[in-house]
Amino acid sequence: MVDWLEDLNQEQKEAVFQTDGPLLILAGAGSGKTRVIAYRIAYLIQRRGVPPNSILAVTFTNKAAGEMKQRVESLIGKSITGMWIGTFHSVCARILRIEAEKLNLKPNFLIMDENDSEHLIKEAQKALDLRTTLGKPAGLRERISSLKNNLISPQEYLSSMASSQSERSFALLYEKYQELLRVNNALDFDDLLFFTVQLFRIDPLTLEKFQGHFKYVMVDEFQDINSPQYEIVKLVSWKSRNLCAVGDDYQAIYSWRGADVRYLLENFERDFPEAKIIRMERNYRSGPAILDAANEVISRITRGKEKRLWSTKPDQHPPLVRYQAQDQIDEARFVAKEIERVCLEEGRTWKDFAVLYRTNSQSRVFEEVFMSRRIPFQVVGGLRFYERREVKDAVSLLAFLVNPLSEAHLRRILSWIGGIGPSTMEKATESGLPLWEGLLQLEELGGLKKPAHQALQKILSLIEYFRNEKEKQGLTELFRNLLERSGYLEFWQSQGTLEAQNRVENVKELLNLSRQLEEEYPGLSSEEFLSHLSLYTDLDALDEEKDAVLLMTVHSAKGLEFPFVFLTGLEEGVFPHWRSASPTELDEERRLCYVAITRAQNRVYFTWARNRLYFGNWVQSEVSRFLREIPEEFFPGSPPISGEEYLEGKRVLHSAWGEGVVKEVEGSGEDTIIEVFFPTVGRKRLILKYAPITILD
DNA sequence: TTCCCGCGGATTTTT
DNA sequence: TCCGCGGGAA
C-alpha cells in the first residue's frame with residue numbers, strides 16, 4: 001500500500017495523528033488546512049477503523065463538503081457512505097428532520113430564503129397594523145436575523161430587552177413572524193441553527209444521543225462561526241472531546257452575520273482547556289512578494305495578534321501589477337486584454353484567472369466587456385439560481401404539493417396561473433381560514449367565478465395526480481410531469497420572447513439538477529430535494545471543469561485559489577466600502593483584502609478606476625488606502641499611481657475621425673480635456689467625458 | 001383581474 | 001440607471 005501519509009510536512013502530520021482530544025489548528029492562508037482535514041478523516045477511517053457515520057465534518061460550502069468527501073475517497077481508495085459532512089445549515093436541517101416532532105415541527109418543513117422571509121414579514125406587519133411605523137421588511141429581517149444569531153427568542157426579547165414602545169412593537173412583529181413561519185411549516189436560515197440549539201437544550205436525551213453518535217467532530221473556517229454554531233459544536237463534542245477546529249483569525253470576514261473570531265481565539269481554549277494547539281504558518285500557495293503585499297495590508301489592523309506567513313516558493317514575474325483605469329469600462333478592458341495577453345504569451349487558459357470585487361454589482365461591466373470580446377466566464381453569486389423567478393415558481397409547485405400549508409407557495413402558483421387575484425384571496429381568508437381551505441370552502445359554496453373556479457380545479461387535479469404518482473415515479477420524472485400538467489412551461493413558451501426562452505432554459509436546468517441529485521442520492525424525496533435546493537449556492541454550482549474566467553466577490557473567493565487574481569475596484573468607498581467606516585468594520589475590510597490577495601498563486605493585479613458610474617452618475621474616486629499602503633517598490637516598472645499624464649501617448653479610436661494619438665491632457669476627472677492628433681482631421685481638443693472615443697492601448 | 005405607468009430607492013458581503 | 005411596487009384605469 002502506498003503510504004499517502006508521507007505527503008505531509010511535520011505540523012500537518014502532527015495535526016492528522018492527533019485524533020483524540022480537542023485540537024486547535026491555527027492555519028494561515030495557503031498552508032494546506034483543507035488537505036489536513038481530508039487526511040485526518042481518511043486516517044480515522046482507514047487506520048483507526050472509525051465508522052464514517054460517527055464523523056461529523058462541517059465545511060463552509062456544500063461544494064467544499066463534496067470535494068472533501070471525494071478527496072477522502074481517493075486517499076483510501078474506496079467510496080464512503082454515511083459520513084455527516086456539510087455546512088452547518090445542511091447538517092442542522094438533517095438533524096431537525098430526524099427530530100422534528102420534539103420541537104413540534106413537521107419533518108417535511110420547508111426552508112425559506114430571504115425573499116420569502118421578507119414577504120412573511122410584510123404579512124406580519126399587515127396583520128399587526130405596523131406597516132408604517134417599524135420600517136422596511138429588509139431591515140426588519142436583518143434585525144430578526146441578528147437576534148436569532150445571538151440566540152434570542154421573541155419572548156426573551158420582549159421580556160428583558162425591549163424597553164421602548166417601538167422595540168416592543170418590533171418584538172411582537174418578531175413573534176408574529178415566527179408564528180407565520182410555523183403556520184407555513186417553514187424555517188428560515190437562522191432557524192435551522194437556532195432550533196438545533198433549542199433542541200439540544202430542551203431535550204437532554206436527544207443531545208446525549210448525538211453526543212454518543214458523533215465520535216469525531218471537525219470544523220473548518222472556525223474563525224467565521226457564530227454563537228449558535230459554536231454552541232452546537234460545543235454541545236455535540238462535549239462528551240467525546242474529539243473536536244478539531246481549524247481556522248485563521250486573519251481571515252475572519254463574516255462578523256456582520258454574527259460570526260465572532262473569539263470563538264476561535266478565546267472560547268475554544270476556555271471550554272476545552274486540555275486542547276492541543278498546532279500552528280501552520282508555512283504557505284505553499286504564493287511567493288514571498290504576494291505574501292509581503294498581503295502582510296502590508298493586514299499588519300495595520302488595530303486588533304489581532306502579530307503573525308507572518310512564510311514561503312519558499314519562488315516569485316513568478318511579475319508577482320504584483322498595478323493599473324489605474326480611467327473608469328470602470330477601462331478597468332474591465334484592461335483586465336480582459338491582460339487575460340488575453342497572458343493566455344497567449346504565458347501559455348495559460350481562461351480558468352487560471354479570477355476577477356474579484358467587493359460588491360456583486362461590479363460584475364456587470366466585466367460581463368459586458370468579456371462578452372463582447374468572447375472571453376468565456378462564469379459569474380458566482382449575484383442573483384442566485386434558486387432566487388430567479390421561474391425557478392421559484394417551479395419550486396413552489398413542488399413545495400405546495402409536498403406541503404399544502406405553505407401559503408407563500410400557493411400564492412406564487414396563483415400569481416401565474418391567473419383567475420384568482422387579491423379580491424378572491426381576501427374573500428377566502430375573511431373567515432380566518434387558511435388561504436387554501438378558504439378557497440376550497442368558497443368553491444363548495446359556489447362562491448367562485450368561472451376563471452377562479454377553473455384555476456382551483458387545475459390545482460386540485462395536480463394535487464390528485466401528485467398524490468397518486470408520488471410513490472410510483474422518481475423525483476425528476478414526477479417534477480417534469482407536474483411542470484407539464486400545470487402548464488407552467490407553456491406559460492412561458494407561449495410568450496415567445498427571448499427572455500421567456502431563457503426562463504424555460506432555467507427551469508430545464510432545474511430538472512437537470514434534480515436528476516443529478518437523484519443520481520447521487522437514489523430514492524431522493526421531494527422534501528429532500530427542496531431542502532438541498534434552498535441550501536444550494538452558486539458556489540456549489542461552480543463548474544471547475546469549464547474553462548472560463550471566474551468572476552466573484554472576495555467573500556465568495558474564501559477558501560479558493562487561482563494562478564492569477566485581479567483585485568478590482570480598489571477605491572475608497574468601494575473597497576473599503578463606505579458602509580464599513582468604523583474601526584472594527586475597517587479591520588474586517590482589511591482582512592477581506594488580505595483574503596483576496598492570498599488567493600493568488602502567481603500574480604495579483606490591483607486595479608482601480610478614477611471615475612465610476614454610480615447610480616447613473618459619475619463620481620470621482622480616490623485610490624484605496626489598501627493599495628496606497630503597498631509600497632512603491634513592490635511594483636517595479638508599474639506607472640506611478642497618481643498623475644494625469646497616463647493617457648498621453650495612448651492611441652484612441654474616435655467614432656467619426658478614426659484612430660488618433662493623445663498629445664496632451666488637461667485637468668482631471670470629469671473635467672479632463674484631451675488633445676488628440678488625428679491623421680484625418682488634425683489636432684482636436686476633446687472633453688474626455690463626452691468624446692465618443694475608445695482608448696486602444 | 002390585469003396591465004401599464006410613474007415613482008422611489010438601490011449597492012455591502014452569504015448560509 | 002434599473003427594478004419593483006403601488007395605484008389607477010380598462
Side-chain angles (χ1 to χ4, degrees), chain A residues 58-65 86-93 111-115 117-119 122 131 136-139 141-142 145 148-149 187-194 221 224-226 228-229 252-259 356-365 380-384 386-387 389 414-426 448-452 454-455 531-540 552-559 569 573-581 585-586 588-589 591-593 595-596 612-619:
Chain A
V58 183
T59 56
F60 204 69
T61 63
N62 291 303
K63 186 182 175 60
T87 60
F88 271 107
H89 290 83
S90 60
V91 167
C92 288
I111 301 165
M112 284 209 165
D113 66 23
E114 287 174 5
N115 235 315
S117 293
E118 280 166 29
H119 277 283
K122 230 187 235 176
R131 285 207 71 158
K136 281 172 291 182
R141 202 212 69 242
E142 254 174 51
S145 172
K148 287 182 181 176
N149 283 329
L187 271 65
D188 67 19
F189 285 138
D190 305 314
D191 286 339
L192 293 172
L193 308 174
F194 192 3
E221 310 284 7
D224 278 325
I225 70 173
N226 63 20
Q229 291 170 337
I253 55 175
Y254 281 94
S255 69
W256 49 274
R257 182 169 106 177
L356 307 184
Y357 36 76
R358 178 65 177 81
T359 66
N360 280 305
S361 60
Q362 287 166 256
S363 75
R364 195 145 163 180
V365 194
V380 177
L383 186 62
R384 279 183 262 311
Y386 70 91
E387 280 174 4
R389 186 188 152 184
L414 294 176
S415 75
W416 61 264
I417 238 173
I420 296 174
S423 64
T424 313
M425 289 194 223
E426 183 81 9
L448 289 180
K449 298 210 179 72
K450 199 164 178 214
Q454 279 175 345
S531 185
H532 263 281
L533 207 58
S534 37
L535 297 175
Y536 187 84
T537 68
D538 249 36
L539 214 49
D540 301 325
M552 67 179 98
T553 62
V554 181
H555 280 92
S556 296
K558 183 171 93 157
V574 177
F575 196 6
H577 198 270
W578 58 276
R579 294 282 291 263
S580 303
E585 287 170 321
L586 265 169
E588 182 141 318
E589 297 284 308
R591 292 191 295 264
L592 197 53
C593 188
V595 167
R612 190 173 285 275
L613 198 59
Y614 207 69
F615 289 142
N617 39 16
W618 286 98
V619 284

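Note on A:Ser90: nothing from the nucleic acid sits closer than 4.0 angstrom, heavy atoms only. Base engagement by A:Tyr614 is indicated by at least one non-hydrogen atom pair under 4.0 Å involving a base atom. Residue contacts for A:Leu613: at a heavy-atom cut-off of 4.0 Å it reaches no nucleic acid atom on any strand shown.
Between the side chains of A:Ser117 and A:Asp188, no donor N or O sits under 3.5 Å from an acceptor N or O. With 3.5 Å as the limit, one finds a donor-acceptor pair spanning the side chains of A:Thr359 and A:Gln362.
At least one test fails for A:Arg612 against the ring of A:Tyr614: distance under 6.0 Å to the centre or angle within 45° of the axis.
Residue A:His89 and nucleotide B:dT15 are not classified as a stacked aromatic pair, given the requirement of ring centres less than 5.5 Å apart at an interplanar angle below 30°. Residue ring and nucleobase are stacked for A:Trp256 and B:dT13, with a centre distance beneath 5.5 angstrom and an angle between planes beneath 30°.
OP1 or OP2 of B:dT14 has at least one side-chain nitrogen or oxygen of A:Ser556 nearer than 4.0 Å. For the pair A:Thr553 and B:dT12, the criterion of a side-chain N or O lying under 4.0 Å from OP1 or OP2 is not met. Phosphate contact (OP1/OP2 of B:dT13, side-chain N/O of A:Asn360, threshold under 4.0 Å): present.
Between A:Phe194 and A:Phe189, a ring centre-to-centre spacing not shorter than 6.0 Å is recorded.
For A:Arg364, the side-chain atoms get nearest to C:dC2 when compared with the rest of B:dT12, B:dT14, C:dC2. With distances taken from any side-chain atom of A:Arg358 to the nucleotides B:dT14, B:dT15, B:dT12, the minimum falls on B:dT12. Of the candidates B:dA10, B:dT14, B:dT12, the closest approach to any side-chain atom of A:Glu589 belongs to B:dT12. Taking the side chain of A:Lys122 as heavy atoms from C-beta on, and the options B:dT11, C:dG6, B:dT15, the nearest nucleotide is C:dG6. Distances from the side chain of A:Lys136 to the nucleotides B:dT15, B:dA10, B:dT14 place B:dA10 closest.
Atom NZ in A:Lys558 sits roughly 10 Å away from atom P in B:dT15 (whole-Å rounding).
Results of the side chain to side chain contact (heavy atoms under 4.5 Å, CB included) test with A:Pro137 over A:Glu114, A:Glu118, A:His119 single out A:Glu118 as the only residue that passes.
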